[in-house]
Amino acid sequence: MKHSRVTARAHTNIALIKYWGKRDTTLFLPMNSSLSLTLDEFYTDTTVSFIDGDQDVFFLNGVEQPLEECVKISKFIELFRTQSSIKSAVLVESHNHVPTAAGLASSASAFAALGTALNELFVLRMDKQTLSTFVRQGSGSATRSIYGGFVEWQMGIETDGSDSYAIKVDDADWNIAMLTIPVNTRKKEISSREGMKLTVETSPFYPAWVEQAGQDIKAIKQAINNQDFIALGELTEANGMKMHGTMLGANPPFSYWEPLTVKVLQRIREIRGQGIPCYYTMDAGPNVKVICQADKADEIKKLLDQSFPDNTTIISGVGKDAYLLSVE
Ligand code: DP6
């Protein structure tokens with residue numbers, strides 16, 4: 001049956017073992033497998049409906065988006081349209097749910113929510129694994145937001161990308177939480193897409209990254225299997241730093257770090273030194289995320305808020321799979 005209006009929700013995810021570099025920029029095939037934690041605190045709700053005319057229309061947080069953004073979304077919708085007998089244009093209405101002004105909205109939850117909604121609107125009935133290969137072609141990290149808990153994006157080896165999909169590794173229901181310390185929430189100057197491209201093309205450290213990431217993913221899956229939080233944290237922190245190291249070797253070199261980033265990292269090491277396990281990671285921006293045990297999250301937040309009163313720490317628990325909120 002053809003639906004008229006479908007709404008889906010997907011949560012964002014933070015990689016513990018990072019995706020950094022593509023082997024195919026058209027199909028979004030990664031150079032290495034990655035592994036993330038889905039967060040319940042940050043998510044995107046997206047409603048899709050058919051409209052007359054031949055142009056897709058895209059609203060984000062109630063604001064119609066410029067042509068450039070619509071073109072990106074249209075290209076993504078086209079992936080679903082070509083699979084279906086329905087050829088109509090689509091109205092996309094997305095709302096990012098992130099704490100006010102935190103500016104932490106991610107393309108991961110955006111494309112995972114949109115893909116989940118389009119799968120239903122176009123009556124494609126793809127299973128989650130297949131859907132993750134479609135979502136991947138909107139933004140690589142979105143591949144992992146199809147599932148909750150700890151999720152691996154397996155890089156695959158096929159040139160058509162059919163085996164480059166997400167799998168759930170674990171529910172992460174063993175006292176896991178993540179903190180976010182917003183250091184600077186302005187739009188970044190170098191997007192992750194541009195940053196990883198420059199790194200792959202110019203950094204002599206890049207081959208070492210690929211090799212290390214391959215080892216780290218095996219080790220972290222072992223840590224998850226053993227519910228060994230300390231090993232999980234140490235691997236997370238080391239992997240994130242290795243990714244940031246590759247950027248200093250790029251030509252021209254670049255870095256997402258700001259002075260306050262360094263202070264936050266130092267403070268987290270101090271808190272750890274006091275006997276509270278907590279480990280940091282960073283993505284393509286200056287904000288810091290900290291993996292910790294859920295029953296220690298309030299205590300760590302209190303210490304961080306005391307040190308950085310203008311950068312209130314946000315606690316997040318573990319998010320679930322992307323899902324449909326309503327189908328009309
Ligand atoms: C540093 O998924 O934003 O956050 O695939 O080009 O859309 P595109 O890139 P994107 O890159 C995310 C990079 C990262 C690490 C990660 O999430 O694994």
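Nothing fancy with the numbering, it's 1 onward along the sequence.
A salt bridge is defined here as a Lys NZ or Arg NE, NH1 or NH2 lying under 4.0 Å from an Asp or Glu carboxylate O, and D171 with K320 fails to meet this definition. Ionic pairing of R5 and E120 is not present here: no N-O contact between side-chain nitrogen and carboxylate oxygen is shorter than 4.0 angstrom. For K75 and E78, the salt-bridge test fails: no basic side-chain N is under 4.0 Å from an acidic carboxylate O.
No side-chain donor-acceptor contact under 3.5 Å links Y147 to the backbone of A322.
Taking 4.5 Å as the limit, every side-chain heavy atom of L16 sits out of range of all side-chain heavy atoms of L235. Counting heavy atoms from C-beta on, the side chains of L304 and R267 come closer than 4.5 Å. Put simply, the side chain of E234 does not reach to within 4.5 Å of the side chain of T236, judged on heavy atoms. Between T180 and T313 the shortest side-chain heavy-atom distance does not fall below 4.5 Å. I276 is listed as a side-chain neighbour of E299, based on a closest heavy-atom distance under 4.5 Å. Side-chain contact between E152 and K221 is present, with heavy atoms from C-beta onward closer than 4.5 Å. Taking the side chain as every heavy atom from C-beta outward, N239 and K18 approach each other to under 4.5 Å.
When all heavy atoms of N32 and A213 are compared, the pair lying nearest together is ND2-CB, 3.6 Å. L324 and A117 make their closest contact through CD2-CA, 4.4 Å (heavy atoms, listed as atom of the first residue, atom of the second, distance). In terms of heavy atoms, S84 sits closest to F122 at OG-O, 3.4 Å. Annotation for D283 and H244: closest pair O-CE1, 3.1 Å, computed over non-hydrogen atoms.
Ring geometry for H97 against Y43 counts as parallel: the plane angle stays under 30°, on a 0 to 90° scale with 60° as the upper cut.
Remark: K263 NZ is loosely packed, at most 12 non-hydrogen atoms of other residues, nucleotides or ligands lying under 6.0 Å away. E158 CD: more than 12 foreign heavy atoms inside a 6.0 Å radius.
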Derivation and outcome, side-chain hydrogen bond (donor to acceptor under 3.5 Å, both in side chains), residues D305 and T312 | CA-CA 6 Å; D305 285 350; T312 310; 5.0 Å; no

Steps toward side-chain hydrogen bond (donor to acceptor under 3.5 Å, both in side chains) verdict (R144, S34): CA-CA 9 Å; R144 300 182 307 241; S34 54; 2.8 Å; yes

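Using a 3.5 Å distance cut-off with no hydrogens or angles, the side chains of S145 and N13 do pair a donor with an acceptor. Side-chain contact annotation: N175 with Q293, donor-acceptor N/O pair under 3.5 Å absent. Residues S74 and D56 have side chains that bring a donor and an acceptor to within less than 3.5 angstrom of each other.
Note that NZ of K72 is 10.0 Å distant from CD of Q65, once rounded to the nearest 0.5 Å. Atom CG of L232 sits about 8.5 Å away from atom CD1 of I17, to the nearest 0.5 Å. The distance from the CG atom of D160 to the CG atom of D163 is 7.0 Å, given to the nearest 0.5 Å. Atom CD1 of I268 and atom CD of E237 lie 8.0 Å apart (nearest 0.5 Å). For the atom pair CD1 of I271 and OH of Y279, the computed distance is 13.0 Å after rounding to the nearest 0.5 Å. I230 contributes atom CD1, which lies 9.0 Å from atom CZ of R272 (distance to the nearest 0.5 angstrom).
Under the side chain to side chain donor-acceptor pair (under 3.5 Å) rule, T7 has a single partner from D45, T46, T47, which is T47.
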Which donor-acceptor pairs under 3.5 Å do the side chains of residues 129-140 make with protein atoms, sequence neighbours left out?
residue, atom, partner, partner atom, Å
T130, OG1, D127, OD1, 2.5
S132, OG, Q129, O, 2.7
S132, OG, A166, N, 3.0
T133, OG1, T130, O, 2.5
R136, NE, L27, O, 3.0
R136, NE, F28, O, 3.2
R136, NH1, G161, O, 2.8
R136, NH1, S164, O, 2.9
R136, NH2, L27, O, 3.0
Q137, NE2, T133, O, 2.9
S139, OG, S107, OG, 2.8

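Other residues sharing a hydrophobic cluster with F205 under the 4.5 Å side-chain heavy-atom criterion for ILVMFWY residues do not exist; the residue is a singleton.
Note on I146 and V6: same hydrophobic cluster, where clusters join Ile, Leu, Val, Met, Phe, Trp and Tyr whose side-chain heavy atoms are under 4.5 Å apart, directly or indirectly. Under a hydrophobic clustering in which Ile, Leu, Val, Met, Phe, Trp and Tyr are joined whenever their side-chain heavy atoms come within less than 4.5 Å, directly or via other members, M126 and F76 fall into the same cluster.
Contacts classified as ring-ring contact (aromatic ring centres under 6.0 Å, His included) and involving residues 288-328 (residues at least two apart or in different chains) are not found.
In summary, the aromatic rings of W153 and Y19 are positioned with their centroids under 6.0 Å apart.
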